[in-house]
Amino acid sequence: MLGILKSLFKEKPQINTPEDIDKSKHFCMLPWVHSHILPNGDVLPCCVSDFNDPYANVKDKSINEGWNSEKYNAMRKLMLSDRPVYSCSKCYELEESGIDTMRKRMNRWFKHHSDVLKSTKADGSSTNLKMRYLDIRFSNICNFKCRGCSPALSTNWYEDHQKLWDFKSEEKKLINITDTNPALWQDIEESLDHLEIAYFAGGEPLMMEEHYKCLELLIAKGKTDVELHYNTNMSVLKFKKYDLLHLWKQFKKINLSISLDDIESRGEYFRSGLNWSKFVENVNKVQRELTNTVYQINCTIQLFNIHRIPQIHSYFFNNKIINEYGFIFNTLQDPSEYRTQVLPSKYKKIAEGNLITYMSFLKESHPNTDWGYFFSSLKQQIDFMNSEDLTHLLESFQKQTNKLDMIRSEDFKTTYPELAPVIEV
């Protein structure tokens, strides 16, 4: 293994310019402009990389020390030669179905920093790394327990997870990185000086005091030109002493990505904790009071909802909450039992038919609207769903769903009558 790495280190980098980045198959800008930090201190290349494959931990290291770990450095060497990296396999898999990925998106956003690649040393390290994209998950606190989540990113999942898998956890319910490493705040404050995008996700970021402290620091530093990006369930607009709308009004641009996987009762089932009427009230209030905000619905596509995309999209589009570019498709890959590929062929055909019919409807009813992105994304979801037959996971899906229904006093068959036969054992 060492011999392979040494031979890679001797290779001349293939990626040097923005044009090289555009043509790359495996390269990603993030290892030069970003580190993703989890509530337990684990450092990852990004939020979609393998959580079981950490690159460092900031409990006893600075952000820069973690960023220049041996594993991170090896990753940069592979990236510069446009070679695949194990941690990035999710992006590679999705790209095989033509889906726009985190890798491609980050390359578009940050390729203007390609000059930093030249500062990479022979061992893959760099002393010129600056945090342009902030994504620190300060804690796992969350008031929801979505079916596609886990205790790692939701405190509300803690008890149900133990009941579902019949074990007693020795882990703490609430995990907070600033509790285990108070010195991290100095690193964070220094990182804010170079930021272009601050991304807040969770858990639920609007329930994290550290998120509000970051906003106050940015305002104090006069960095209100930093774009604020969110992945939020929109359940909270006031938290402790903080008035969120007052803080948001001081920034030039806010990209509000609202996590929602269905509407009304189906939304409340999959995203347990959602109060649909309160959600609608909060979204309407933000729309009334803010003019600096771009809205998106971040919909995680899984076997529960792929056939429901027309109903979900039409609600937000017809109510003028989003435009034709405002529906973001997040393809669920874990847990595997929830992938759209698990659906029997009969249900795949029904879902595909629904999506094709909806595309025709939109084209006819809104002929002057550019549906290129939305239609392309729908077709990519169809391709991904049909790319593999994972019906062997149906039994596991059935057992997990039935057991969680018992734990939560919920009922899949009542909520999704059109999918009721899928759950029958």
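All values below were derived from every heavy atom in this structure, side-chain atoms included, with hydrogens, water molecules and symmetry-related copies excluded.
- For Tyr86, there are no ring pair (Phe, Tyr, Trp, His ring centres under 6.0 Å) partners, not counting sequence neighbours.
- Put simply, the side chain of Asp42 never gets that close to the backbone of Leu38: no donor and acceptor are under 3.5 Å apart.
- Side-chain contact check for Asn64 and Ser62: no donor-acceptor pair (N or O, by modelled atom type) lies under 3.5 Å.
- The existence of a salt bridge linking Lys111 and Asp20 is excluded, since no basic side-chain nitrogen approaches an acidic carboxylate oxygen closer than 4.0 Å.
- Residues satisfying the side-chain contact (heavy atoms from CB on, under 4.5 Å) criterion with Val43, sequence neighbours excluded, are Ser35, Ile37, Ala56, Val58, Tyr72.
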Let me check something: any side-chain donor-acceptor pairs from residues 129-137 under 3.5 Å, sequence neighbours excluded? List them with distances.
unit_1	atom_1	unit_2	atom_2	d
Lys130	NZ	Asn128	OD1	3.0
Asp135	OD1	Arg137	NE	2.7
Asp135	OD2	His36	ND1	3.1
Asp135	OD2	Arg137	NH2	3.1
Arg137	NH1	Gly202	O	3.2

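- For the ring pair (Phe, Tyr, Trp, His ring centres under 6.0 Å) test with Tyr212, the passing option among Phe138, Phe200, Phe239 is Phe239; the others fail.
- At a cut-off of 3.5 Å, with distance as the only test, a side-chain donor of Glu227 or His229 sits close to an acceptor on the other residue.
- Legend: residues meeting salt bridge (Lys or Arg N to Asp or Glu O under 4.0 Å) with Arg271, ordered by chain and number and at least two apart, are Asp261.
- Tyr373 pairs by the ring pair (Phe, Tyr, Trp, His ring centres under 6.0 Å) definition with nothing, not counting sequence neighbours.
- There is a side-chain donor-acceptor pair under 3.5 Å between Asp389 and Thr391.
- Of all non-hydrogen atoms in Leu290 and Lys249, the two that sit nearest each other are CD2-CG, 3.3 Å.
- With sequence neighbours excluded, no residue forms a salt bridge (Lys or Arg N to Asp or Glu O under 4.0 Å) with Lys121.
- At a cut-off of 3.5 Å, with distance as the only test, no side-chain donor of Ser114 or Thr17 sits close to an acceptor on the other residue.
- In terms of modelled atom types and a separation under 3.5 Å, the side chain of Glu210 and the main chain of Thr178 share no donor-acceptor contact.
- In this structure, Lys403 contributes its side chain and Leu164 its backbone to a donor-acceptor pair below 3.5 Å.
- The backbone N or O of Gln302 sits less than 3.5 Å from a side-chain atom of Asn305, completing a donor-acceptor pair.
- A donor atom on one side chain and an acceptor atom on the other are found under 3.5 Å apart for Ser376 and Gln380.
- Using bins of under 30°, 30° to 60° and over 60° for the plane-to-plane angle, the ring pair His313/Phe317 lands in the parallel bin.
- No side-chain donor-acceptor contact under 3.5 Å links Ser396 to the backbone of Leu393.
- In this structure, the side chain of Lys145 does not engage the main chain of Ser154 through any donor-acceptor pair within 3.5 Å.
- Separation of the Phe374 and Phe329 ring centroids falls under the 6.0 Å cut-off.
- Judged by distance alone, the side chains of Tyr325 and Trp371 never bring a donor and an acceptor atom under 3.5 Å apart.
- Here the side chain of Lys118 pairs no donor or acceptor atom with the backbone of Asn16 at under 3.5 angstrom.
- For the 3.5 Å distance criterion, the side chains of Ser235 and Asn143 qualify, holding a donor opposite an acceptor.
- Annotation: side-chain contact (heavy atoms from CB on, under 4.5 Å) contacts of Ala351 (sequence neighbours excluded): Ile306, His307, Met385.
- Residues that satisfy the ring pair (Phe, Tyr, Trp, His ring centres under 6.0 Å) test with Phe27, not counting sequence neighbours, are Trp32.
- Every residue was checked against the ring pair (Phe, Tyr, Trp, His ring centres under 6.0 Å) condition with Phe251, not counting sequence neighbours, and none meets it.
- For the 3.5 Å distance criterion, the side chains of Ser387 and Gln341 qualify, holding a donor opposite an acceptor.
- Pairing each heavy atom of Val33 with each of His113, the nearest pair is CG1-CB, 4.4 Å.
- For the residue pair Ser87 and Asp53, a side-chain donor N or O sits within less than 3.5 Å of a side-chain acceptor on the partner.
- Every pair passing salt bridge (Lys or Arg N to Asp or Glu O under 4.0 Å) that includes a residue from residues 300-316 is listed here, sequence neighbours excluded: Asp262-Arg308.
- Distance alone, capped at 3.5 Å, places no donor-acceptor pair between the Asn140 side chain and the Pro39 backbone.
- For Arg408, the salt bridge (Lys or Arg N to Asp or Glu O under 4.0 Å) partners are Asp160, not counting sequence neighbours.
- Within the structure, salt bridge (Lys or Arg N to Asp or Glu O under 4.0 Å) contacts touching residues 322-341 (residues at least two apart or in different chains) are Lys90-Asp334, Glu93-Arg339.
- Remark: the backbone N or O of Tyr269 is not paired with any side-chain donor or acceptor of Ser272 at under 3.5 angstrom.
- A distance-only check finds no donor-acceptor pair linking the side chain of Asn107 to the backbone of Lys104 [under 3.5 Å].
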